[in-house]
Asker: 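Got a structure here, written out as structure tokens. Questions coming.
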Amino acid sequence: MLPTLPVKPSAEDWPGRRAYDLGWQRMLYDAGYADVHWDASPTTRLIFLEETEKAGAPYVGANFVGLLHAGPTIAAEGTEEQRARWLPPILRGEEVWCQGFSEPDAGSDLAALRTRARRDGDEYVVSGSKIWTSHAEVADWCELLVRTDPTAAKHRGISWLAMPMSLPGVTVRPLRTLAGSAEFAEVFLDDVRVPVANRVGDENDGWRVTMVTLSFERGTAFVGEVVACRRVLGELAAEARRRGRWDDPVVRRRLGRLNAEFRGLWRLIQWNVSEAEASGGVPGVGGSVFKLRYSHARQELYDVAAEVLGADSLDLERPWTLDRLSSLSYTIAAGTSQIQQNIVAERILGLPKGR
């Protein structure tokens, strides 16, 4: 019999949330479910994520980057030694990862990053800064993109490093979001010395490795959230009936359209997973189609929730209010909607690149 989890800490208690999330991951590991993220087929992984969300199991939380981004990338692209070093601690709930991709001056153009990594023997000397670094304040490791060849074309001079957050020269400054939480941070890097052995993939081949990371982020990382949104949609319809809003044809039409939208998104997830099954486990560019549509559908879902709740939607203690605030970030996070549109246009529709 599995032990019971303690009461979930408040949104502001990040050390407590880290312990809670790692505790849940350890419970999964001890029960034999942890390796479903990498050693199981994409279809089995989909079923696992769907069923845990339906059961109301805890969200991955601080384990998000390790389990759904960095871990799958290392499993797909890392050496045998790297997989042996980094994957088991993630699965056992011992180490937390953060994502050091975005930079203040790069905007949506990730390949324009300027954080430099100068080779010095068996180490890279890294200087620069990152922003919107998820869970940096409680992370042990960072999946870090750096520029290792400043003379190369911008996509060709990038490398993917695993950086210990405890190294000298790493400074973390938490950022508070509109919803009042601080799960993001600025990270400043001042001559941080990262072992060359921590590079995943070849030097200057980091953009290709990054596309693997982003394919997981946009392809399968949101599976549980789609299941949760479908549940919220049913709860919202029930709330509309209780409040007498069900008689409003506009509200009913929006709820009906969202029901069709999320059903379609679920089918798209299944299609993407089937494609990944046939291509070695890495999701394809269909993840960009999903991410584009899901971001907007989630925002509309909580806009309708605000319409149903009326003045109660301004109460931060009410259900769905904080979700509405956080949904505003979804058309920016994991690649803006404009970036996703470009990917769909160029890689799926075959349209020429913009000049």
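Side-chain atoms are counted along with the backbone in the values below, which use heavy atoms only and exclude waters and symmetry mates.
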Asker: Mind checking side chain to side chain donor-acceptor pair (under 3.5 Å) for T171 and listing every partner two or more places apart, or none if nothing turns up?
Answerer: none
Asker: In the hydrophobic clustering that connects Ile, Leu, Val, Met, Phe, Trp and Tyr at side-chain heavy-atom distances below 4.5 Å, which members other than F184 occupy its cluster, ordered by chain and number?
Answerer: I131, W132, L175
Asker: Could you give me the CA-CA distance, side-chain angles and deciding distance for Y302 and V232, then say whether side-chain contact (heavy atoms from CB on, under 4.5 Å) is met?
Answerer: CA-CA 9 Å; Y302 289 107; V232 168; 3.9 Å; yes
Asker: Yes or no on side-chain contact (heavy atoms from CB on, under 4.5 Å) for I90 and V96, after CA distance, side-chain angles and deciding distance?
Answerer: CA-CA 7 Å; I90 295 174; V96 170; over 6 Å; no
Asker: Nearest 0.5 Å please: distance from the CD atom of Q270 over to the CD atom of E50.
Answerer: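 Reported to 0.5 Å precision, the distance equals 7.5 Å.
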Asker: Could you pull out all residues at least two apart from R118 that satisfy side chain to side chain donor-acceptor pair (under 3.5 Å)?
Answerer: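 Expected list: none.
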Asker: Please confirm whether the backbone N or O of K54 pairs with a side-chain atom of R231, one donor and one acceptor, at under 3.5 Å?
Answerer: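 Not a single qualifying donor-acceptor pair exists.
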Asker: Apply side-chain contact (heavy atoms from CB on, under 4.5 Å) to the pair W246 and R252, showing each step before the final yes or no.
Answerer: CA-CA 6 Å; W246 189 252; R252 285 205 315 274; 3.4 Å; yes
Asker: Following the transitive rule for hydrophobic clusters with a side-chain heavy-atom cut-off under 4.5 Å over Ile, Leu, Val, Met, Phe, Trp and Tyr, establish whether W24 and F48 coincide in one cluster.
Answerer: yes
Asker: If hydrophobic clusters are built by linking Ile, Leu, Val, Met, Phe, Trp and Tyr wherever their side-chain heavy atoms come under 4.5 Å apart, do V60 and I47 end up in the same one?
Answerer: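 As far as the 4.5 Å side-chain criterion goes, I47 and V60 are not connected within one cluster.
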Asker: Do I158 and V125 belong together in a cluster built from hydrophobic side chains that touch within less than 4.5 Å?
Answerer: no
Asker: Within the side chain of S159, is there an N or O that forms a donor-acceptor pair under 3.5 Å with the backbone of N204?
Answerer: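 Such a contact is found between S159 side chain and N204 backbone.
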Asker: Which residues satisfy the side chain to side chain donor-acceptor pair (under 3.5 Å) test with W86, sequence neighbours excluded?
Answerer: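 Per chain and number, W86 pairs via side chain to side chain donor-acceptor pair (under 3.5 Å) with no residue.
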Asker: Any idea which heavy atoms bring W320 and L236 closest together, and the distance?
Answerer: CZ3-CD1, 3.5 Å
Asker: If you count the non-hydrogen atoms of other residues, nucleotides and ligands that lie under 6.0 Å from OH in Y33, is the total more than 12?
Answerer: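 Incorrect, the count does not exceed 12.
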Asker: Could you grab the distance from atom OG1 of T133 to atom NE2 of H135, nearest 0.5 Å is fine?
Answerer: 11.5 Å
Asker: For the residue pair V212 and A76, what are the closest heavy atoms and their distance?
Answerer: CG1-CB, 4.3 Å
Asker: Please check if any side-chain donor atom of T115 sits under 3.5 Å from a side-chain acceptor atom of E103, or the reverse.
Answerer: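 Yes - a donor-acceptor pair under 3.5 Å links their side chains.
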Asker: Are W266 and V227 side-chain neighbours, meaning at least one heavy-atom pair lies under 4.5 Å?
Answerer: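 The answer is yes; the side chains approach within 4.5 Å.
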Asker: Using the test side chain to side chain donor-acceptor pair (under 3.5 Å), find all partners of D120 that sit at least two apart in sequence or belong to another chain.
Answerer: R193
Asker: Does A34 offer a backbone N or O that forms a donor-acceptor pair with the side chain of R92 under 3.5 Å?
Answerer: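 It does not hold such a pair.
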Asker: Mind checking whether E203 and R119 have side chains closer than 4.5 Å, heavy atoms only?
Answerer: yes
Asker: Quick check for you: to the nearest 0.5 Å, what is the distance between Q25 atom CD and Y20 atom OH?
Answerer: 13.0 Å
Asker: Would a distance-only check, ignoring hydrogens and angles, find a side-chain to backbone donor-acceptor pair under 3.5 Å from R147 to R116?
Answerer: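 Looks like no, no N/O pair under 3.5 Å.
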Asker: When Ile, Leu, Val, Met, Phe, Trp and Tyr are grouped by side-chain heavy atoms lying under 4.5 Å apart, directly or through other members, which residues fall in the same group as V146?
Answerer: Y124, V126, L144, L161, M163, M165, L167, V170, V172, V187, L189, V192, V194, V196
Asker: For the side chain of R18 and the backbone of D13, is there at least one donor-acceptor N/O pair under 3.5 Å apart?
Answerer: no
Asker: Short question: side chain of E143, backbone of T210 - any donor-acceptor pair under 3.5 Å?
Answerer: no
Asker: Starting at CZ of R298, measure out to CG of D303 and round the result to the nearest 0.5 Å.
Answerer: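 Rounded to the nearest 0.5 Å, the CZ-CG separation comes to 12.0 Å.
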Asker: Output yes when a side-chain donor or acceptor of K130 lies under 3.5 Å from a complementary backbone atom of Q99, and no otherwise.
Answerer: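 Absent.
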Asker: Could you give the distance from CD (Q82) to CG (N198), rounded to the nearest 0.5 Å?
Answerer: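 The distance works out to 7.5 Å.
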Asker: Apply salt bridge (Lys or Arg N to Asp or Glu O under 4.0 Å) to E239 and list each qualifying residue two or more places apart in sequence or on a separate chain.
Answerer: R242, R243
Asker: Distance-only, no hydrogens or angles: does the N63 side chain make a donor-acceptor pair with backbone N or O of D21 under 3.5 Å?
Answerer: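 Answer holds: yes.
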Asker: Yes or no on side-chain contact (heavy atoms from CB on, under 4.5 Å) for R208 and E77, after CA distance, side-chain angles and deciding distance?
Answerer: CA-CA 10 Å; R208 183 192 62 80; E77 297 291 332; 2.9 Å; yes
Asker: Test D312 against every option in V308, L314, L309 by the side-chain contact (heavy atoms from CB on, under 4.5 Å) rule and name the one that passes.
Answerer: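 Among the candidates, only L309 passes.
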Asker: Does R253 have any side-chain contact (heavy atoms from CB on, under 4.5 Å) partners at least two apart in sequence or in another chain, and if so, which?
Answerer: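 P249, V250.
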Asker: If you take all heavy atoms of T321 and S313, which pair is closest and at what distance?
Answerer: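 Scanning both residues, the minimum pair turns out to be CG2-O, 3.1 Å.
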Asker: Just to verify, what does E307 make a salt bridge (Lys or Arg N to Asp or Glu O under 4.0 Å) with, not counting sequence neighbours?
Answerer: R245, R254
Asker: Taking all non-hydrogen atoms of both residues into account, name the closest pair between A185 and A136 and its distance.
Answerer: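 Scanning both residues completely, I find the closest heavy atoms to be CB-CB, 3.9 Å.
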Asker: Check R83 against A75 and note the closest heavy-atom contact, atom names and distance.
Answerer: CD-O, 3.6 Å
Asker: Which residues pass the salt bridge (Lys or Arg N to Asp or Glu O under 4.0 Å) test with R263, not counting sequence neighbours?
Answerer: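 R263: no salt bridge (Lys or Arg N to Asp or Glu O under 4.0 Å) contacts found.
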Asker: Who pairs with R241 by salt bridge (Lys or Arg N to Asp or Glu O under 4.0 Å), at least two apart in sequence or on another chain?
Answerer: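 Testing R241 for salt bridge (Lys or Arg N to Asp or Glu O under 4.0 Å), a comparison that skips the adjacent residues, returns none.
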Asker: Is it the case that one hydrophobic cluster holds both F262 and L268, taking links as side-chain heavy atoms less than 4.5 Å apart, direct or via other members?
Answerer: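 Looking at the clustering, L268 is in the same group as F262.
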Asker: Looking at every non-hydrogen atom in both residues, tell me the closest pair between F188 and S129 and how far apart they are.
Answerer: CD2-CB, 3.8 Å
Asker: Under a 4.5 Å cut-off applied to non-hydrogen side-chain atoms, are W160 and L145 in contact?
Answerer: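 Answer yes - side chains close enough.
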Asker: R85: which residues meet the side-chain contact (heavy atoms from CB on, under 4.5 Å) condition with it, sequence neighbours left out?
Answerer: P89, E95, W141
Asker: Once you round to the nearest 0.5 Å, how far does CD1 of I269 lie from CZ of R267?
Answerer: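 If I round to the nearest 0.5 Å, the distance is 10.5 Å.
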